[in-house]
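Single-structure report; data block below.
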Amino acid sequence: MIPTPDLSHLKGEDYKHIYEPAEDTFILLDALEEDADVLRKTRPLICLEVGSGSGCVSAFVGTILGPSTSLYLTTDINPYACKSTRATGRQNGVPIEPVLASLTGPLRARLRHAVDVLLFNPPYVPTDTDEADDAQNQANIAGAWAGGRDGMEVTDILLEQVEGLLSPKGRFYLVAVKQNDVQGICDRMLTRFALRGEVALQRRAGREHLYVLRFTRQHSET
């Protein structure tokens, strides 16, 4: 069993500003752990986490891959999250490079078809559009959960960028809830971008039914 990253450096005061790892975080860690052997075999050169929050997920990927030449990049609109992500990488011996940006922002052109592992635990809670827009514009902790109409407004933007980012062997992991229309997401990615989606893991957590979706190129053997 791969240990959960050490977050002892983050205190209660930090979690007033960043999203504290919860069930949606842990199901993503579990899905990555189930794919650990495959991830190691693919020898990722670039790993990119969008919306890194505490940095827990990227630190976990770094633990899976062990000493390697992988570049661990993250983005977040919240400056507190970028600071925390860097600290979490340092705490766990993973050299994470956070970038203060919305989604893939300034990285998209330079990372075209270069990302081997793409990760996104989005704001997926259905809210009204104004609430989601305000959360993104204010770049605060609400941006970690307020997802707008159907909980998909932020996710929809990133889904348009995924194909342009993934390398030929790339894998995209997305956290979703039942209200997000999991099958609809998979159908859209296949039809529009020839990316094959499947449920890597699912479980009920309280009132939520959580999913981790995994996307690869149709010709990919991994």
Side-chain angles (χ1 to χ4, degrees), residues 3-29 32 46-64 70-108 110-111 115 117-148 151-158 161 165 173-177 205 208 210 212:
T4 301
D6 179 6
L7 301 179
S8 61
H9 58 290
L10 299 177
K11 309 302 180 185
E13 186 65 27
D14 296 304
Y15 292 125
K16 293 180 181 179
H17 304 285
I18 63 169
Y19 185 70
E20 184 173 2
E23 287 301 320
D24 52 339
T25 312
F26 301 134
I27 191 175
L28 180 52
L29 299 190
L32 292 166
I46 297 178
C47 302
L48 172 62
E49 181 185 3
V50 177
S52 59
S54 67
C56 178
V57 174
S58 286
F60 190 75
V61 173
T63 301
I64 288 174
S70 298
L71 175 63
Y72 301 97
L73 296 171
T74 67
T75 67
D76 207 294
I77 58 173
N78 182 344
Y80 288 100
C82 291
K83 180 180 178 181
S84 298
T85 292
R86 187 182 297 278
T88 296
R90 189 181 306 117
Q91 182 81 0
N92 292 274
V94 179
I96 303 174
E97 296 295 335
V99 177
L100 182 65
S102 175
L103 301 177
T104 60
L107 301 176
R108 194 155 68 247
R110 296 188 69 178
L111 295 182
V115 178
V117 179
L118 178 62
L119 306 153
F120 191 31
N121 182 4
Y124 56 68
V125 176
T127 63
D128 61 56
T129 295
D130 288 343
E131 184 175 357
D133 288 346
D134 287 347
Q136 294 297 308
N137 291 335
Q138 293 174 22
N140 59 23
I141 191 171
W145 56 263
M152 285 293 294
E153 291 192 14
V154 178
T155 301
D156 280 340
I157 297 171
L158 184 75
Q161 303 172 7
L165 289 165
Y173 294 86
L174 174 70
V175 177
V177 291
E208 292 182 332
L210 293 167
V212 176

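Index from 1, following the sequence.
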Sorted by chain and number, sequence neighbours left out, side chain to side chain contact (heavy atoms under 4.5 Å, CB included) with Gln91 holds for Asp6, Ser8, His9

What distance do Leu28 atom CG and Phe60 atom CZ have between them, rounded to the nearest 0.5 Å?
9.0 Å

Taking only residues two or more places apart in sequence, or in another chain, which ones meet Pro95 in a side chain to side chain contact (heavy atoms under 4.5 Å, CB included)?
Tyr72

Polar side-chain atom of Thr75 near backbone of Leu103 as donor-acceptor pair, under 3.5 Å
yes

Closest non-hydrogen atom pair between Cys82 and Pro98, with its separation
O-CG, 3.4 Å

Could you tell me which residues satisfy side-chain hydrogen bond (donor to acceptor under 3.5 Å, both in side chains) with Arg90, sequence neighbours excluded, listed by chain and number?
none

Does Val57 reach the side chain of Ser52, with side-chain heavy atoms less than 4.5 Å apart?
no

Less than 4.5 Å apart, side chain to side chain, heavy atoms only: is that true for Leu107 and Val115?
no

Just jot down the ring pair (Phe, Tyr, Trp, His ring centres under 6.0 Å) partners of Tyr80, sequence neighbours excluded, or say none.
His17

Using the salt bridge (Lys or Arg N to Asp or Glu O under 4.0 Å) rule, collect all pairs that involve residues 49-63, keeping only residues at least two apart or in two chains.
none

Note: Ile77 and Leu100 closest approach over all heavy atoms is O-CD1, 3.5 Å

Applying side-chain contact (heavy atoms from CB on, under 4.5 Å) to Leu111 and Thr104, what does each step give before you reach the verdict?
CA-CA 9 Å; Leu111 295 182; Thr104 60; over 6 Å; no

List in chain and number order the residues that pass side-chain hydrogen bond (donor to acceptor under 3.5 Å, both in side chains) with Tyr173, two or more places apart in sequence or in another chain; answer none if no residue qualifies.
Asp35, Arg171

Which atom names give the shortest non-hydrogen contact between Ile96 and Gly89, and what distance separates them?
CD1-CA, 3.7 Å

Cys56 side, atom SG; Leu7 side, atom CG - distance, nearest 0.5 Å
5.0 Å

For Ala81, check side chain to side chain contact (heavy atoms under 4.5 Å, CB included) against everything at least two apart and list the hits.
Ile18, Asp76, Asn78

State, to 0.1 Å, how close Phe120 and Val50 come at their nearest heavy-atom pair, and which atoms those are.
CD1-O, 3.2 Å

Specify the closest pair of heavy atoms between Ser58 and Thr74, including all atoms of both residues, with the distance to one decimal.
OG-CG2, 3.3 Å

Closest approach of Asn92 to Thr88 (non-hydrogen atoms, all atoms of both residues):
ND2-O, 2.9 Å

Sequence neighbours left out, what passes salt bridge (charged side-chain N to carboxylate O under 4.0 Å, His left out) with Glu97? Give chain and number order.
Arg86

Is a donor on one side and an acceptor on the other found under 3.5 Å between the side chain of Thr85 and the backbone of Gly53?
yes

List the residues meeting side-chain hydrogen bond (donor to acceptor under 3.5 Å, both in side chains) with Thr25, not counting sequence neighbours, and say none if there are none.
none

Where the side chain of Asp156 meets the backbone of Glu153, is there a donor-acceptor pair that is under 3.5 Å apart?
no

Is the closest side-chain heavy-atom distance between Pro122 and Leu158 below 4.5 Å?
no

pair Gln161-Arg108: side-chain heavy atoms closer than 4.5 Å:
yes

Heavy-atom side-chain proximity of Leu119 to Leu32 below 4.5 angstrom:
yes

